[in-house]
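A, B, ... follow the sequence lines: proteins, then strands. Residue 1 opens every chain.
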Amino acid sequence: MLKTLVEKEIREIIGSPKFTYTFIVCLVLILLSFYSGAVSYKDNVTHWEAAKAENLQSFEGIKEWYRVQENRIFLPPQPLATLVSGVSNDIGRTSNIEPSGEVTADDSRYNEEPAYAYFRFIDLEFIFLVVLALFAIMLGYDAICGEKEKGTLKLCLSNAIPRTKFLMGKFIGAFSVLSISLIISIGLGCLLLPLLGVHLSSEEWIRLGLIVVAGLLYFGLFLAMSVMVSSFTQRTATSFLILLIIWISSTLILPRVAVMVSGRAVDVPTVDELGYQKAMYATEQWKSFLNSLDNYTPIENEDMEEVMANFNKFMDSISIAREERMNIYRSRLNEQRYNKELERSQIAFALARISPSSSLSLASSTLAGTSPELKDQFYQQAKNYQTSLKEFLNEKTGMNMGGGFIMTISESDAPEKDPIDPTEIPQFKFEPESLSKSVQKALPDFGLLILFNCIFIAGAFVSFNRYDAR
Amino acid sequence: MNENNKQVILEAVNLTKKYDDGVLALDNLNFAIYENEIFAMLGGNGAGKTTTINIFLNLLEPTSGDAKVCGVSSHIEPLVVKKNLAYVSENVMLYPNFTALQNLDFFSQLGGQDSLTKDHYQEVLIRVGLAEQVHNNKLKGFSKGMRQKCGIAIAILKDTKAILFDEPTSGLDPKAGYEFIQLLNDLKGEGKAVLMSTHDIFRAKEAADTIAIMNDGKFLMKEKASTLFDKDLESLYMQYMAGHAPQPASEGV
Amino acid sequence: MLHTLIQKELKSITVSNKFLVTFMICSLLLIMSVLIGINEYKQAMTQYETVHQMADERIQQVSSWHSVSYREHRKPSPLMIFTSGLSYDIGRWSDINRESTVKLKNSIYSDDPIFAVFRIIDFTFIVQIIFSLLAILFTFNAVNGEKESGTLRLIFSNAVPRTKYILAKCIGTWLGLLIPILIPILLSVLIVMLFQIEFSSQEWIRLVLLIFISVLYTSIFIVFGVFMSTMSRSSNVSFLLSLVFWICFVLILPRGGVMASGNIVSVPRIAEVEGMKVSFAKNKWENYYKDMDKRLSGSEHNDDSEEDGISDDMMWANLKAEDSLRKEVTREIEGYEESLLEDWKNKQKAQQNLGFMLARFSPAATYQLAAMSLSNTDISLKSSYEQVMKDYREEFNSYIDKKSENAGPGAGSIMITMDSDKGMDLKMGRDEAIDVSDRPQFVHPKTQLSKILPDVIVNISILLFMIFGLLTGAYFSFMRFDLR
């Protein structure tokens with residue numbers, strides 16, 4: 001019996017022009033998103049490598065390690081970021097690492113190329129979020145009330161089938177057709193990736209798979225919701241209007257409003273304000289640094305080398321102290337801000353998750369490694385890199401780099417030194433979050449999506465059992 | 001429960017339906033339809049004919065009383081009842097994107113007949129008068145009469161003891177109406193109990209074994225067609241509707 | 001006759017549930033968006049004032065002319081309440097000093113990516129997405145719906161010319177939809193007035209223009225819906241078609257246009273440009289240091305004869321010469337950077353123009369471009385700020401140069417002398433508190449309305465052209481519509 005119902009549902013969907021249109025649009029869009037994702041990923045990689053090479057080249061011809069006062073590091077493009085761009089285009093990608101001082105990242109893509117910020121990118125997430133949800137609605141809004149309008153519902157129910165079975169047939173039929181066609185489209189898109197020269201690691205495939213699962217859950221949720229709405233409305237037009245309003249508010253309005261309102265509820269000091277506070281403190285420190293310089297009395301010695309060594313030692317001692325104080329101050333401010341930020345994002349995202357669209361966005365961007373945490377990860381790793389760069393330079397120069405002054409004596413008759421080998425400079429390697437950690441973070445969102453599915457399916461059953469089928 | 005040793009198929013016992021808005025749609029209705037019997041409910045719009053059918057189909061719950069099919073109450077065991085019921089609606093609507101055969105296939109499977117083949121379907125379709133060349137056409141292009149025929153074919157295929165017809169002849173052309181009556185008689189011959197609601201006095205008189213005139217949820221009149229054959233049903237109807245029962249028919253001619 | 005038809009159209013719209021729902025949604029969303037916008041603007045304003053003050057405080061603390069650096073911040077424009085545009089994407093400040101060139105840094109989104117996750121909801125967004133969708137919802141069955149309900153036959157059983165009917169359809173639905181659109185819009189403007197947001201007279205004109213193009217944009221979709229309803233006999237099909245077209249035109253095409261142009265015109269990333277600059281600079285400095293070493297060793301030899309004769313003055317003179325040499329190098333690097341940037345910007349501009357041109361096939365993109373340029377939150381926000389800041393930097397730097405010259409040699413610098421006889425000596429020339437109150441003041445760029453007007457007119461005419469095209473489409477397709 002169920003088989004008959006499912007079969008009929010499948011046949012009806014596949015035979016309808018609605019399905020043909022939506023399938024074609026979906027297929028084209030998904031392929032487009034994969035294609036443009038692949039192209040832009042490769043483009044990003046080329047640019048990233050060029051920037052790295054350019055950076056390395058800039059060290060050429062330098063003969064003294066102490067002249068290496070900074071190294072630029074770049075956030076490497078992640079292949080999945082092109083499918084789920086998240087905030088990857090909003091945050092800074094380049095960081096100038098000096099042996100000491102604050103680590104900041106600049107050159108966010110949207111700041112540098114605002115043309116892209118106008119309309120943003122078409123990525124898989126956008127298609128899931130906006131287009132697929134709309135299609136789920138279009139395919140489900142008339143599930144029950146449409147049959148009623150057609151007049152077939154009464155005929156169907158004049159047979160000895162329980163209503164639950166009838167509804168189940170609808171669900172299984174609709175979901176299987178649509179998810180299969182979706183999986184086919186995405187599968188074709190995935191095939192496109194290696195063809196276009198984008199090679200994902202097995203871990204990334206798993207991530208992509210999970211993102212697709214999240215997308216399917218989201219799709220199922222909208223389908224269930226549409227069926228639910230269609231089973232408490234009598235007219236398809238009403239059902240569609242209600243669903244459209246839900247769609248607009250859940251994908252376009254709710255997440256934004258939730259984040260904007262609750263995000264502003266927690267007062268997080270702006271980066272600029274902190275910047276000034278740090279700068280003020282630095283000025284203060286500089287003054288006291290100069291004062292302690294005043295107190296320096298050079299040792300009486302004939303040997304210049306020793307005078308120099310003594311001076312450098314003295315410099316080191318006060319500059320290390322200054323640097324430490326600055327570091328403490330900075331990290332205190334940064335931590336305060338970080339904690340506030342954390343509080344804010346927790347409140348904002350908790351509220352935003354009322355809308356399943358937020359759950360999908362957050363889950364997929366976490367899995368793709370493009371959630372707002374990417375910024376913190378980059379920052380943290382850049383900071384670690386700073387330490388290793390400093391250690392490296394200290395070792396190479398035998399001096400404390402990044403302190404105050406460096407004194408050297410150059411002698412004109414000294415033999416020409418060989419240029420340094422820039423490849424010796426430690427490489428920055430960005431380690432994306434481990435898969436298990438991402439999955440762990442995305443798990444609550446998956447849970448929410450499943451919960452929403454259950455609620456809507458249950459709602460559909462309850463309301464269809466009381467549906468006036470006359 | 002027996003009338004000439006025939007089994008009661010459809011039965012209404014003190015059937016009452018009061019809608020939420022207070023309208024009394026059915027008022028203590030009683031009738032029994034035996035096998036080999038065609039029962040016609042005549043009445044204007046809002047008389048309660050479709051409500052009766054809806055209660056048999058369990059699309060509505062009775063406020064009190066029972067609608068029984070083969071002795072089983074429709075609102076207590078709806079699934080058992082529906083196994084024994086076929087239904088043809090006033091304006092038969094089927095899946096417009098399916099062909100006639102596909103529709104038949106789906107509905108007969110739904111009706112529990114899953115061993116039927118295409119040949120069966122075609123046979124029945126031809127029996128109800130649908131030409132073979134349209135069997136593979138989509139329902140979209142079918143006229144009302146053609147859809148009606150499909151609906152009857154579905155009912156025949158379900159092969160139940162009882163068939164409910166809701167206004168089966170409305171909107172049919174005279175020829176189709178005639179053919180329908182023939183078909184109805186055939187079905188009756190197969191031992192089926194038929195409950196039909198209709199506005200069509202002439203067709204009712206032509207086909208039915210029992211005729212009931214219904215208004216405001218009550219039978220104003222329920223007579224064997226055989227006792228009515230010589231009467232002008234239309235004027236009778238008008239009289240009942242006008243609220244005064246006609247004088248008992250004069251005996252003899 | 002036309003009058004009767006229009007009246008009927010208006011009546012049938014205004015009594016429908018759809019109308020009520022639409023009106024409620026529009027009002028709710030617009031009021032909410034404007035309230036959020038006002039909040040954002042006020043927040044941005046207080047932040048701007050805070051950091052501006054902090055920048056002033058900081059510059060007053062500086063004790064040496066050599067280390068005077070100023071940070072100029074972008075001032076939020078009140079029209080961002082309606083069209084936030086790129087104001088969250090573009091950096092908010094640039095350092096103004098001798099060392100680094102002007103570059104806007106730290107956008108809100110890069111500082112607080114949490115807001116970038118779902119981005120902003122504003123007036124323009126609501127008009128662009130929601131209004132267009134609602135317009136389609138109102139009109140997708142304008143003609144074939146009447147056919148389905150059977151009234152079309154009845155109407156044309158009278159002596160009604162088709163032209164009049166279709167015209168009345170368009171005008172009637174347009175007027176009918178104008179109410180649920182214009183009233184919320186005016187309501188939101190009222191809210192802005194109530195919150196006493198300061199608008200200059202020019203900004204008021206911009207706002208009026210913005211409302212005008214919003215109405216134009218929505219009209220496109222009204223006519224489009226009517227057009228679609230004449231294309232197909234079934235309202236289901238026309239609905240499906242309209243929705244698919246809506247997705248393409250509003251959601252896909254604008255993005256597609258910009259992305260396609262990105263693939264057609266290749267522009268290097270800023271990091272590469274920066275890298276080229278850095279490597280050029282590093283080379284220059286390397287050479288400079290090498291030369292300096294030579295000069296120093298050279299002068300040492302010369303000074304051998306008059307060992308004690310090195311007066312402080314001469315030392316300072318040397319330093320000064322050194323300083324001007326440094327400046328020379330800086331200038332050279334800057335010149336190089338400028339030419340690089342110039343080149344980059346030109347390429348980027350070409351890419352942008354192509355992208356926007358392609359995107360303009362979509363009314364949504366045209367509308368957005370016009371709205372952004374009217375609200376002063378488009379791409380020119382960045383370039384105009386950078387230009388003004390660049391000019392300001394020149395002014396600022398020359399001011400600092402003059403000041404440091406006046407302050408006398410050695411001001412703010414440290415001199416360390418070493419002598420094999422005397423050992424090492426540290427001397428600090430310092431001017432305690434420096435007075436920067438007479439520094440040149442930064443004037444925020446103001447794009448004149450007249451400057452953007454041609455662009456706006458182009459966009460408006462594109463929108464008008466689209467309306468006209470769709471109207472003719474609807475007309476011709478209705479002429480061939482099967483009335484049966």
Side-chain angles (χ1 to χ4, degrees), chain A residues 18 21 25 36 39 47 50-51 54-55 57-58 61-62 74 87 90-92 94 106-108 110-112 114-122 130-131 241 248 252-253 255-257 259-260 263 270-273 276 279-280 283 290 293 296 298 300 304 307 311 345 348 361 372 375 410 412, chain C residues 21 25 32 36 39 43 47 50-51 54 58 61 86 89-91 93 105-107 109-111 113-121 129-130 240 244 247 251-252 254-255 258-259 263 269-272 275-276 278-279 282-283 286 293-294 297 351-352 355 365 368 379 382 420 423-424 426 428:
Chain A
K18 206 162 60 169
Y21 280 125
V25 172
S36 67
V39 169
H47 285 294
E54 198 64 57
N55 178 52
Q57 213 188 348
S58 70
I62 292 181
F74 308 94
V87 298
D90 293 289
I91 59 171
T94 313
D106 285 323
D107 299 348
S108 78
Y110 285 144
N111 186 23
E112 296 318 324
Y116 289 110
Y118 268 72
F119 314 111
R120 297 195 117 187
F121 287 90
I122 318 169
V130 178
V131 184
L241 200 67
I248 289 176
L252 302 174
I253 311 290
R256 291 160 197 248
V257 174
V259 169
M260 300 229 50
T270 61
V271 175
D272 298 352
E273 277 171 54
Y276 281 115
M280 298 283 213
T283 318
L290 289 183
L293 264 188
Y296 175 69
E300 299 283 333
M304 275 314 278
V307 174
F311 175 73
S345 69
S361 294
K375 192 187 166 194
S410 59
S412 47
Chain C
V21 173
I25 295 179
M32 189 186 67
I36 288 178
N39 186 30
Q43 189 118 19
Q47 266 168 24
T50 319
V51 289
M54 284 174 124
R58 188 179 155 214
Q61 275 205 346
L86 301 180
D89 296 285
I90 293 175
W93 51 260
K105 282 180 178 173
N106 285 39
S107 68
Y109 281 152
S110 74
D111 282 349
I114 172 180
F115 295 114
V117 176
F118 304 116
R119 298 202 118 189
I120 293 301
I121 184 161
I129 309 274
I130 315 280
L240 203 68
V244 168
I247 291 177
L251 301 177
I252 310 295
R255 294 151 200 260
V258 173
M259 283 167 87
N263 286 334
R269 293 285 155 78
I270 189 75
E272 287 169 64
M276 281 160 85
V278 167
S279 84
K282 277 195 179 136
N283 268 328
E286 196 60 29
D293 284 352
K294 273 189 198 136
S297 51
Q351 192 190 46
Q352 275 164 16
Q368 195 178 331
I379 257 175
K382 192 183 177 197
S420 41
M424 195 166 135
L426 278 175
M428 246 159 286

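Tested against A:Arg256, the residues C:Val117, C:Ile120, C:Ile36, C:Ile121 include a single side-chain contact (heavy atoms from CB on, under 4.5 Å) partner, C:Ile121.
Contacts between A:Val259 and chain C at a heavy-atom distance below 4.5 Å involve backbone atoms as well as side-chain atoms. With a 4.5 Å cut-off on non-hydrogen atoms, C:Ile252 touches chain A through its backbone and its side chain both. With a threshold of 4.5 angstrom between heavy atoms, A:Tyr21 approaches chain C through side-chain atoms but not through N, CA, C or O. Residue contact with chain C, scored on non-hydrogen atoms closer than 4.5 Å, involves the backbone and the side chain of A:Ser345 alike. Only the side chain of A:Ala348 comes within less than 4.5 Å of a heavy atom of chain C; its backbone N, CA, C and O stay farther away. For a residue to count as touching a neighbouring chain, one of its non-hydrogen atoms must lie under 4.5 Å from one of that chain's; by this rule C:Val51 touches chain A with backbone and side chain alike. Of the two parts of A:Ile253, the backbone and the side chain both hold a non-hydrogen atom closer than 4.5 Å to a non-hydrogen atom of chain C. Only the side chain of C:Leu86 comes within contact range of chain A, with at least one heavy atom under 4.5 Å from a heavy atom of that chain. When heavy atoms are compared at a cutoff of 4.5 Å, A:Asp272 approaches chain C by way of both its backbone and its side chain. Only the side chain of A:Lys375 comes within contact range of chain C, with heavy atoms under 4.5 Å apart.
Comparing C:Ile114, C:Val244, C:Ile129, C:Asn283 by how many heavy-atom pairs each has under 4.5 Å with chain A, the most go to C:Ile114. Residue with the most contacts toward chain C among A:Asn55, A:Val131, A:Val87, A:Thr94: A:Val87 (heavy-atom pairs, distance under 4.5 Å). Between chain A and the options C:Met32, C:Arg119, C:Met276, the largest number of non-hydrogen pairs under 4.5 Å is found for C:Arg119. Contact count against chain C (heavy-atom pairs under 4.5 Å) is highest for A:Pro114 among A:Ala51, A:Pro114, A:Ala279. Chain A forms the most heavy-atom pairs under 4.5 Å with one residue out of C:Pro254, C:Gly355, C:Gly91, C:Ala365, and that residue is C:Pro254. Ranked by heavy-atom pairs shorter than 4.5 Å toward chain C, the options A:Asp106, A:Val25, A:Val39 are led by A:Asp106.
Looking only at side-chain heavy atoms (C-beta outward), C:Lys382 and A:Asn111 come within less than 4.5 Å of each other. A heavy-atom distance below 4.5 Å is not found between the side chains of C:Pro113 and A:Asp90. At a threshold of 4.5 Å between non-hydrogen side-chain atoms, the residues A:Thr270 and C:Asp111 do not count as touching. Residues C:Asn39 and A:Met260 form no side-chain contact, since every pair of their non-hydrogen atoms from C-beta on lies 4.5 Å or further apart.
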Go through the steps to decide whether C:Phe118 and A:Ser361 satisfy the test side-chain contact (heavy atoms from CB on, under 4.5 Å), and finish with yes or no. CA-CA 9 Å; C:Phe118 304 116; A:Ser361 294; 3.6 Å; yes

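Once rounded to the nearest 0.5 Å, the distance linking OG of A:Ser108 with OH of C:Tyr109 reads 11.5 Å. Summarising the geometry, atom CD belonging to A:Glu112 is positioned 11.5 Å from atom CG belonging to C:Asp89; distances are rounded to the nearest 0.5 Å.
Contact between A:Ile91 and C:Ser110 at its shortest, heavy atoms only, is CA-CB, 4.0 Å. Of all non-hydrogen atoms in C:Met54 and A:Glu273, the two that sit nearest each other are CE-O, 3.7 Å.
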